[in-house]
2 protein chains.
Amino acid sequence: MEDAISILRRCDIQPTPQRIAVVECVLTSKSHPSADDVFSGAREKCPTVSRATVYNTLNLLVEKGLLRMQTMKEGAVVFDPNIEKHHHFIDEETGAIYDIPWDQLEVKGKRGLNDFEISEYQVILRGRRKKK
Amino acid sequence: MEDAISILRRCDIQPTPQRIAVVECVLTSKSHPSADDVFSGAREKCPTVSRATVYNTLNLLVEKGLLRMQTMKEGAVVFDPNIEKHHHFIDEETGAIYDIPWDQLEVKGKRGLNDFEISEYQVILRGRRKKK
DNA sequence: AAACATTCTTGACACCGTCTAAATTAGTAT
DNA sequence: ATACTAATTTAGACGGTGTCAAGAATGTTT
Ligand SMILES: [Mn+2]
Ligand SMILES: [Mn+2]
Ligand SMILES: [Zn+2]
Ligand SMILES: [Zn+2]
C-alpha cells in the first residue's frame, strides 16, 4: 500500500498531519464512509483536526481524482476510495454499500439513447444481503 | 387524468385542500421535483399550506405507493410520480433528470450475485443531453 | 352546543455542508 | 535568527433539508 505522504505529494497537495490522517482513513477504507465517518476516524489519528479541514481535504481528493463522491442514500453523500468503474448494491436493512465488479453486470441498449451523451453510468441494486 | 380527490379517496387519505394541492402539483409533474419545488407549487394553489404538511403528504403518498422517493443528486431527495420501473439519466450541466423507459436498457449478469437478494435495481446514467 | 378526532400550522430542532475571519503553521528572504 | 509572506487550519456562523411537538383550526358526532 502506497504511503499517504507519497499519495499527497504525487497530487501536488502539501502533506500536513491533518491531510495525512484524512487520507489514511478514507483511502484505506474498504467501505463507503460518510464525511462524518471520516471525521471520526481522522480525529483518532489527529485529535485536533476540524470538520472544515476534513471537508476541504475530501473535496480536494475528489478534485484530484483519488476519490469519488456518490449520492446513493439520503442524508449524506458517501466517499468511494474505489475509483475503478463499478456498480453498487445497497442493503436496505443495514444501509451497507457493496461494490459490484464492473464486468459482473452487462448493460445493453445504450444505442437507443440518441438524445443523450453518456459520460458515465452505473447500476444501483437494492435488497438485502443473504446471510449464509 | 384522474381527479386528485379520487386518487386520495382511493388510498384512504382524506382529501383536504392542502393535500389536494400537493397531489395536483406532484402527480401531474412530468419532472422529478424536490420537496421544496412541491412546496412552492402547492403554495400557489393553497397559499396557506405549510412546509410540514407538504412533507407529511409527500411521505404519505410514498407510503401508499403513489410516489417514489429517489436519491440521485446531493442536497435533496426528489419525488418521482412515475412509479413504473424505469431508469434515469441526469444531465450534469442542468441537473435535469430524465426517465429512461425500462425496456430501453437490458441489464444482464445478475447470476453472479448469489450473495444478494435483489429487490429492485436501476441504471443511473450521467452526461449531458444533446441539444438538437 | 359540547365533545371528540383529525388535520394543519408554527416554530424549534438536529443534521449536512459551506463559508469567513482569525489564528496557527510553514516557507522564504534578509 | 528574525522578519515577512503565503498556505493551512480552526472555530463558529450560516443556509438548507427534513423531522418533531404543541397548540390552533377544522370537521364530525352526540
Ligand atoms: Mn457510515
Ligand atoms: Mn428542482
Ligand atoms: Zn464503490
Ligand atoms: Zn423517474
Side-chain angles (χ1 to χ4, degrees), chain A residues 4-5 7-9 11-26 32-64 67-80 95 97, chain B residues 4-5 7-9 11-26 32-64 67-80 95 97:
Chain A
I5 298 183
I7 295 175
L8 287 167
R9 287 226 177 88
C11 295
D12 299 314
I13 303 175
Q14 285 191 33
T16 65
Q18 293 86 348
R19 286 168 174 167
I20 293 168
V22 170
V23 166
E24 284 177 351
C25 278
V26 74
H32 297 76
S34 67
D36 205 65
D37 291 334
V38 177
F39 177 58
S40 303
R43 274 254 150 163
E44 293 179 9
K45 304 189 187 239
C46 180
T48 70
V49 68
S50 70
R51 214 171 289 264
T53 295
V54 171
Y55 276 99
N56 287 341
T57 306
L58 288 173
N59 291 335
L60 211 48
L61 296 174
V62 170
E63 270 178 42
K64 299 291 187 178
L67 208 53
R68 303 273 281 227
M69 201 189 322
Q70 299 271 4
T71 64
M72 292 184 296
K73 18 186 219 185
E74 52 187 306
V77 303
V78 298
F79 294 89
D80 196 340
I97 300 172
Chain B
I5 298 183
I7 294 175
L8 286 167
R9 287 228 178 87
C11 294
D12 299 312
I13 305 175
Q14 286 190 33
T16 65
Q18 293 86 351
R19 286 168 174 169
I20 292 168
V22 170
V23 166
E24 283 177 350
C25 278
V26 75
H32 297 76
S34 67
D36 205 64
D37 291 335
V38 177
F39 178 58
S40 303
R43 273 254 154 168
E44 292 179 8
K45 305 189 187 239
C46 179
T48 70
V49 68
S50 70
R51 215 171 289 265
T53 296
V54 171
Y55 275 99
N56 287 340
T57 305
L58 288 173
N59 291 335
L60 211 47
L61 296 174
V62 169
E63 271 178 40
K64 298 292 186 176
L67 211 52
R68 304 272 281 225
M69 202 187 322
Q70 299 271 5
T71 64
M72 292 183 295
K73 19 186 218 185
E74 53 187 306
V77 303
V78 299
F79 294 89
D80 195 339
I97 300 173

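Below, chain A is the first sequence line, B the second, and so on; all start at residue 1.
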[X]: partners by side-chain hydrogen bond (donor to acceptor under 3.5 Å, both in side chains), with sequence neighbours left out:
X	answer
Gln70(A)	Gln122(A)
Thr48(B)	none
Asp80(B)	His32(B), His86(B), His88(B)
Ser50(A)	Thr53(A)

Under 4.0 Å between a side-chain N/O of Thr53(B) and OP1 or OP2 of dT9(C), yes or no? yes
**Prompt:** According to a strict under-4.0 Å criterion, is Thr16(A) in side-chain N/O contact with OP1 or OP2 of dT9(D)?
**Reply:** yes
With sequence neighbours left out, the residues meeting salt bridge (charged side-chain N to carboxylate O under 4.0 Å, His left out) with Arg51(B) are Asp36(B)
Q. Are any of the side-chain heavy atoms of Val62(A) and Phe79(A) separated by less than 4.5 Å?
A. yes
The reported gap from CE in Met72(A) to CE in Met72(B) (rounded to nearest 0.5 angstrom) is 14.0 Å
Separation of [X] atom [atom1] from [N] atom [atom2], in whole Å?
X	N	atom1	atom2	value
Asp12(A)	dT8(D)	CG	P	11 Å
Arg19(B)	dT9(C)	CZ	P	11 Å
Gln18(A)	dA7(D)	CD	P	17 Å
Glu63(A)	dT18(C)	CD	P	11 Å
Asn56(B)	dC20(D)	CG	C1'	9 Å

Residue pairs passing the salt bridge (charged side-chain N to carboxylate O under 4.0 Å, His left out) test with at least one member in residues 40-50 of chain B, sequence neighbours excluded, are Glu24(B)-Lys45(B)
Residue set satisfying side chain to side chain contact (heavy atoms under 4.5 Å, CB included) with Glu74(A), at least two apart, ordered chain then number -> Met69(B), Thr71(B), Val77(B)
Side chain to side chain contact (heavy atoms under 4.5 Å, CB included) filter on Ile13(B), not counting sequence neighbours, yields Leu8(B), Cys11(B), Arg19(B), Leu60(B), Leu61(B), Lys64(B)
Check your understanding: Which is it for Ser40(A) and Asp37(A) under the side chain to side chain donor-acceptor pair (under 3.5 Å) test, yes or no, and what are the steps along the way?
Key -> CA-CA 5 Å; Ser40(A) 303; Asp37(A) 291 334; 5.7 Å; no
Each nucleotide N or O in nucleotides 20-28 of chain C that has a protein N or O under 3.5 Å away: list the pair and distance.
none

Identify all pairs in which a protein N or O lies below 3.5 Å from an N or O of nucleotides 13-17 of chain C, and state each distance.
{"unit_1": "dG17(C)", "atom_1": "OP1", "unit_2": "Val77(A)", "atom_2": "N", "d": "2.9"}
{"unit_1": "dG17(C)", "atom_1": "OP2", "unit_2": "Tyr55(A)", "atom_2": "OH", "d": "3.2"}

Report, one pair per line, the protein and nucleotides 23-30 of chain D atoms (nitrogen or oxygen only) whose separation is under 3.5 Å.
none

